[in-house]
Amino acid sequence: QVQLVESGGGLVQPGGSLRLSCAAAGSSFRFNNMAWYRQAPGKQRELVANIFSSGNPNYADSVKGRFTISRDNAKNMVFLQMNSLKPEDTAIYYCFLTPNCWGQGTQVTVSS
């Protein structure tokens with residue numbers, strides 16, 4: 001059974017940067033698509049970015065140009081580099097591995 005463990009969340013000021021990491025243990029995932037989702041208080045979980053097994057990424061309009069998703073198949077890891085963070089980026093960020101594996105989430109808070 002695959003387990004996903006996120007890290008890298010925290011408190012950052014507006015305009016700052018954070019890098020989230022997700023490590024997959026239990027299986028190689030190089031043929032799976034992976035994604036980052038987020039859920040803010042009182043809101044539905046939403047897709048932030050996904051990356052196909054080919055390495056091609058897709059981004060939500062709200063994060064285009066600010067966030068970058070990447071993966072390291074040799075290390076079974078996926079990353080989310082977040083720059084120019086805004087208060088509205090505050091949420092719990094979840095790693096997702098197709099078809100249906102979720103991490104436990106990591107809190108990102110953007111506040112002055």
Phe29: which residues meet the ring pair (Phe, Tyr, Trp, His ring centres under 6.0 Å) condition with it, sequence neighbours left out? none
Straight-line distance of Glu6 CD to Gln104 CD, nearest 0.5 Å: 4.5 Å
Only counting residues at least two apart or in another chain, list the ones meeting ring pair (Phe, Tyr, Trp, His ring centres under 6.0 Å) with Phe79. none
hydrophobic_cluster_shared for Ile92 and Trp102, side chain cutoff 4.5 Å: yes
Indicate the ring-plane relationship of Tyr93 and Phe67, choosing parallel, tilted or perpendicular according to the 30° and 60° boundaries. tilted
What are the two closest non-hydrogen atoms of Ser70 and Ile51, and how far apart are they? CA-CD1, 3.9 Å
Contact check, side chains of Asn33 and Ser53, non-hydrogen atoms, under 4.5 Å: yes
Of all heavy-atom pairs between Met77 and Ser21, which one has the smallest distance, and what is that distance? CE-CB, 3.9 Å
Any chance you could measure Thr68, atom OG1, to Arg19, atom CZ, to the nearest 0.5 Å? 10.5 Å
Residues, nucleotides or ligands: over 12 heavy atoms within 6.0 Å of Glu88 CD: yes
Pairing of Asp61 and Lys64 as salt bridge, 4.0 angstrom limit: yes
Measure the acute angle between the ring planes of Tyr37 and Phe96, then classify it against the limits of 30° and 60° as parallel, tilted or perpendicular. perpendicular
Do Gln107 and Leu11 come close enough that some side-chain heavy atom pair is under 4.5 Å? no
